[in-house]
Amino acid sequence: HVRNYMIGDIVARLKRMQGFNVLHPFGWDAFGLPAENAAIKNNVHPEKWTLDNIAHMKGQLQRLGISYAWEREIATCLPDYYRWNQWLFTRMFERGLAYRRRSNVNWCESCQTVLANEQVVDGGCWRCGTPVTQRELEQWCLRITAYADELLEALDRLDTWPDKVLTMQRNWIGRSEGARVKFGDPVPPGRTRERIAADIEVFTTRIDTIYGATFVLLAPEHPLVERFAAASPDPAAFRGQAARFRAQDRTARLTGEVPKEGFDTGRTAVNPFTGQPVPVWVANFVLVEYGTGAVMGVPAHDQRDFEFAKKYNLPIVVVVQPEDAAAVPLEAATLDAAFDGEGRLTASGPFTGMRAQDGNRRMTEDARSRGVGEGAVQFRLKDWGISRQRYWGTPIPIVHCESCGMVAVPDADLPVVLPKVVEFTGRGDSPLAHVPEFVNTPCPTCGRPAKRETDTMDTFVDSSWYFYRFCDARNDRAPFDPDTVAYWGPVDFYSGGVEHAILHLIYSRFFSRVFRDLGLVKIDEPFARLLTQGMVLKNGDVMSKSKGNVVDPDDMIARFGADALRLYVMFVAPPEKEVEWIDTGLEGAARFLARVWRMVDYLMPVVVSAAPPAGLTFDADERALRRRTHSTVRRVAQDIDPRMHLNTAVSALMEMVNDLYAFADKRGLRPSGRAEDPAAPPAPPPKVDRLETAAVLAEAVNALVLILSPFTPHLSEELWERLGHKNGVVAAGWPAFDEAVAKDEEVEIPVQVNGKVRGRIIVPAGASDADIEAAALASAQVRPYLEGKRVIKVIVARGRLVSVVVS
RNA sequence: GCGGAAGUGGCGGAACUGGCAGACGCACCAGCUUGAGGGGCUGGCGCCCGUAAGGGCGUGGGGGUUCGAAUCCCCCCUUCCGCACCA
């Protein structure tokens, strides 16, 4: 976290010095399970635990010198903030974007609460890793799927987002185009299998293979399964098999550990293209929540179906042949794996001979015209289940009334305040349900006794819109003023860990669009630029209390100072990479800052009394130092924004300091190496004869202190003041940079002969290509390599290199 | 399996549009600072041959494009990350 806040702070400080109006806010995402669990464990109220932690961390951030706009500080656990969660929930409820339904939900036994799909990682809880089980519960859901298409399509325009995040979101939304097709009741009498009571609708992306569909598979949870069971000769056995599949460990199923299994329902359905009856089976690998919960089995062209057919001896029919003319035609009898590539259709009635892709289109049309199917788009994205059976979260502002049903709490009655006196058991039923004063309330509509909803909201609701609240953090009439958000929004620069790639960043994109459709914001995408910063590791592991490898920023501040810590963390690697923490690196940063301090402190009398450089005539060394000063001013700014290479910005600062030392050395100026030793004789004061030398030193030192300040604000402010400036580094602004001064006077150009560097020439900057070529060919270093050879070609590359080709 | 990112000295990394590979720093080595430690300063530090001058090799491996490749293309290997029976 500290690294992330530093990155943002350096950008904010640069932009402020460049004259931008910078909103650099901070808030506390303070609801959630850790506080509640700590409360149970330590017998302290979650609110106290949370507020104490906030106070501690705020002190730490301030000691690090992170320049936050504390007057806009928010904490999501305070009614000032969460009332607007409730307000927004109410708006969504009115629009059908928030709804309640009974469904299977992910349940974490350890956290004793529901998890959203996004919060299930490798079949376990994202927070504690406990394997997730399924429970049937009444759940409030937010209809994120209403925005699925838009959330997907807009990713194409987020061109500054990391590819990784875009890909993860695309996969998560998981759009696939295909068709829904009905496998109907067999009509003709006299079959051995009985008629079923309804068509079975399947979803497929490969309708072109439908002539090879030789069976239909239902998910064990599919509604028809129970109907078939009831009508079967042995309902108990039937139900038992289905129940066994349903009970199979979901985690094992997800990791592919459970073998594919199924059983025959004894029913048939008619393939709407072949007209042939096909058996209907129940299979453990078919997912009820995806598509229609039923699929057609095409063993020749789908590997899962192939394995299933082999295991249960179901017929295999090849309907796509690879187009590769040399290939041996596939035959069902000899097939050892499904062929899922493109090719030409065979044994597909009127579609035979078409390319599979064309067949796909034509067969979808055909199905539609005959009323047996239609094109369909399917998403993997599910609606977002937000009910949590815990205490420390935003109360859901709904009242359940026996006569009026579910009624939203009117805006005037918001916030629904979280009661303070609650018993925490961690048992997994909502703690609020045991607080009668909270639960019992008159129905807002009819006034009769009614009961409040006792679940609280997923804390990701809190973090899905807080960035707009910062723009107008003290507004008590609305979540924010639209004009104010129009001024600030969208967020220009957003940095955080890649762990937010799906959860937070997709929810926020969803909420932004809800606000847009409510007329509160005009933008779609909340975050214009996204940086996913790498984590800081210690001994190859993520720092965590349980591993005992945490580096406490306060310890580092005490030992080396906040500035050294900031400089080191920025220098050690580019922001998006992971870094391994090493103490010696921090020592190096502290050493560098001591070096800066010594030189600036030593030169102070010269700097304070120096003339401005305008109108002076400088010697070569002085011009070189000015060149370094001006080019570093430019480079540091560009390395921060737009390049976001904070590590090379620090390198540039170090190079400048090295040059400053070298220049000073040439002029007999050298600060004492032991400034901290009071017994050491004081260094003689700097003696500078030339007006011009004093001027370039002053220019360099003043600029250095300023351009270092985003990284090392404390050191820079102190030195800046000592250098006789009054109003601080931000008021001073980013130093002006003069292209003419920064430009090299002459350049060294390598000369290659047949691709090898054989010499170097020095030419005035801006020399013409012809002059450079002539100088290269005349060079004493190069000439021996041209003796007796014929020069075929000479290339002068952008004034940077000469390449001579000889035979 | 699918997808994303990445492989450069002992280490972290630099090389911005194809143009001097290894900037900057860490570690290490040698020297100076009247002794030690600490601090500071100077120099060295990719690999191989060579006392040296100099030469050869070198950005995971192999091929290619180009006057020129860490950078572009093809194949392969490795690592990390994400998704994973999505029909």
Side-chain angles (χ1 to χ4, degrees), chain A residues 121-123 162-168 170-172 174-176 178 202-206 209 217 253-256 258-260 283-287 289-298 301-305 307-308 340 378-380 498-499 501-502 567-568 571-574 576-580 582-589 591-592 594-595 598 635 638-639 642-643 645 647-658 661 665 670-677 680 748-757 760 792-806:
Chain A
V121 177
D122 291 338
D163 288 342
K164 177 179 188 156
V165 174
L166 296 175
T167 307
M168 284 169 76
R170 284 193 184 101
N171 291 342
W172 190 261
R175 182 182 198 273
S176 54
V202 303
F203 175 74
T204 178
T205 55
R206 289 297 303 273
T209 64
L217 300 175
R253 275 175 71 180
L254 287 175
T255 48
V258 175
K260 291 175 182 40
N284 64 344
F285 64 91
V286 178
L287 307 172
E289 67 269 21
Y290 188 76
T292 60
V295 298
M296 64 184 201
V298 185
H301 304 293
D302 180 283
Q303 187 58 28
R304 294 158 299 189
D305 298 344
E307 288 166 28
F308 196 79
D340 59 6
Q378 185 64 43
F379 292 95
R380 295 184 53 203
V498 73
E499 70 273 15
I502 297 203
L567 193 79
Y568 164 63
F571 175 60
V572 70
E576 53 292 328
K577 282 198 73 160
E578 286 188 342
V579 300
E580 173 71 25
I582 13 170
D583 284 345
T584 53
L586 182 52
E587 287 163 23
R591 201 144 57 217
F592 168 74
R595 206 163 127 85
R598 279 198 307 273
R635 183 168 160 200
Q638 287 183 345
D639 276 0
R643 296 188 70 212
H645 288 203
N647 53 330
T648 57
V650 177
S651 301
L653 289 162
M654 289 172 167
E655 286 176 55
M656 179 177 169
V657 171
N658 288 344
Y661 265 83
D665 211 36
R670 174 178 293 234
S672 161
R674 30 178 58 204
E676 74 291 344
D677 181 356
E748 190 186 77
I749 296 180
V751 183
Q752 295 181 343
V753 179
N754 285 352
K756 290 203 183 296
V757 177
R760 291 157 204 286
I792 297 170
K793 200 177 191 184
V794 180
I795 294 141
V796 180
R798 276 177 278 154
R800 276 204 261 175
L801 176 140
V802 180
S803 183
V804 184
V805 188
V806 299

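To find a chain, count down the sequence lines: A is the first, B the second, and so on, and within it residues start at 1. Not measured: the values here are computed from a predicted model.
Of the candidates B:rA27, B:rC41, B:rC85, B:rA27 carries the atom nearest the A:R591 side chain, counting heavy atoms from C-beta on. With distances taken from any side-chain atom of A:P750 to the nucleotides B:rG25, B:rC20, B:rG13, the minimum falls on B:rC20. Proximity note for A:R670 (side chain, C-beta onward) versus B:rC20, B:rC41, B:rA14: the nearest is B:rC41. Among the nucleotides B:rA87, B:rA27, B:rA14, the one closest to any side-chain atom of A:T204 is B:rA87. Taking every side-chain heavy atom of A:E655 into account, B:rA23 is the closest of B:rA23, B:rC20, B:rA84. Considering only the side chain of A:E587, B:rA27 comes nearest among B:rC16, B:rA87, B:rA27. Among the nucleotides B:rC41, B:rA87, B:rC16, the one closest to the side chain of A:Y661 is B:rC41.
Looking at every heavy atom in both residues, A:R595 comes nearest to A:Y661 through O-OH, 2.8 Å. Closest of all the heavy-atom pairs between A:H301 and A:D340 is O-CB, 3.7 Å.
Within the 4.0 angstrom heavy-atom criterion, no nucleotide atom of any strand lies near A:G585. Using a 4.0 Å heavy-atom criterion, one finds that A:P162 contacts no nucleic acid atom at all. A:R170 comes within 4.0 angstrom of nothing in the nucleic acid, heavy atoms only.
Remark: B:rA14 base-pairs with no nucleotide in the shown strands. Criterion, Watson-Crick or G-U wobble with two distances under 3.5 Å. Base pairing annotation: B:rC28 forms a Watson-Crick or G-U wobble pair with B:rG44, both donor-acceptor distances under 3.5 Å. In a base pair of the Watson-Crick type (N1 to N3 plus N6-O4 or O6-N4) or a G-U wobble (N1-O2 and O6-N3), with each distance short of 3.5 Å, B:rG3 is matched with B:rC81. B:rA52: no Watson-Crick or G-U partner with both key distances under 3.5 Å is found in any strand. As the counterpart of B:rG9, no nucleotide is assigned, since no Watson-Crick or G-U wobble pattern has both distances under 3.5 Å.
Between A:S176 and B:rA87, a side-chain N or O to OP1/OP2 separation shorter than 4.0 Å is present. In this model, the phosphate group of B:rA15 is approached by a side-chain N or O of A:R643 to a distance below 4.0 Å at OP1 or OP2.
Proximity of A:Y568 to A:I582: side-chain heavy atoms (C-beta onward) are separated by under 4.5 Å at one or more points.
For A:Y290, there are no ring-ring contact (aromatic ring centres under 6.0 Å, His included) partners two or more places apart in sequence or in a different chain. Residues satisfying the side chain to side chain contact (heavy atoms under 4.5 Å, CB included) test with A:A501, not counting sequence neighbours, are A:V165, A:M168, A:V498.
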Give each protein N/O atom lying under 3.5 Å from an N/O atom of nucleotides 66-69 of chain B, with the pair distance.
{"unit_1": "B:rC67", "atom_1": "OP1", "unit_2": "A:K793", "atom_2": "NZ", "d": "3.2"}
{"unit_1": "B:rC67", "atom_1": "O2", "unit_2": "A:S803", "atom_2": "OG", "d": "2.5"}

Atom pairs, protein N/O to nucleotides 28-31 of chain B N/O, distance under 3.5 Å:
none

Restricting to nitrogen or oxygen on both sides, can you table the protein-nucleotides 53-56 of chain B pairs closer than 3.5 Å?
{"unit_1": "B:rG55", "atom_1": "OP1", "unit_2": "A:Y785", "atom_2": "OH", "d": "3.3"}

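For B:rG64, the base adopts the anti conformation, since its glycosidic angle falls more than 90 degrees from zero.
Summarising the geometry, the separation between CZ on A:R598 and P on B:rG40 is reported as 6 Å, rounded to the nearest angstrom. Following rounding to the nearest Å, A:N647 (CG) and B:rA15 (C1') show an atom-to-atom distance of 12 Å. The distance from atom CG of A:D302 to atom C1' of B:rC85 is 9 Å, rounded to the nearest whole Å. Atom CZ of A:R800 is separated from atom P of B:rC20 by 7 Å (rounded to the nearest Å). Computed from coordinates, the A:L567 CG to B:rC24 P distance equals 16 Å when rounded to whole Å.
The gap from the P atom of B:rC24 to that of B:rG43 amounts to 12 Å, rounded to the nearest Å. Separating the C1' atom of B:rG19 from that of B:rG55 is a span of 23 Å, rounded to the nearest Å.
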A correct 5'-to-3' footprint of nucleotides 1-12 of chain B, with B, S and - meaning base, sugar-phosphate only and no protein heavy atom under 4.0 Å, is --SSS------B
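Less than 6.0 angstrom separates the ring centroid of A:F308 from the ring centroid of A:F285.
Of the two residues near RNA chain B, A:E748 and A:M168, the one whose nearest nucleotide lies more 5' is A:E748.
One N or O on the side chain of A:N754 and one on the backbone of A:V806 form a donor-acceptor pair closer than 3.5 Å. Of the possible donor and acceptor atoms, none in the side chain of A:D639 sits under 3.5 Å from a partner among the backbone N and O of A:V650.
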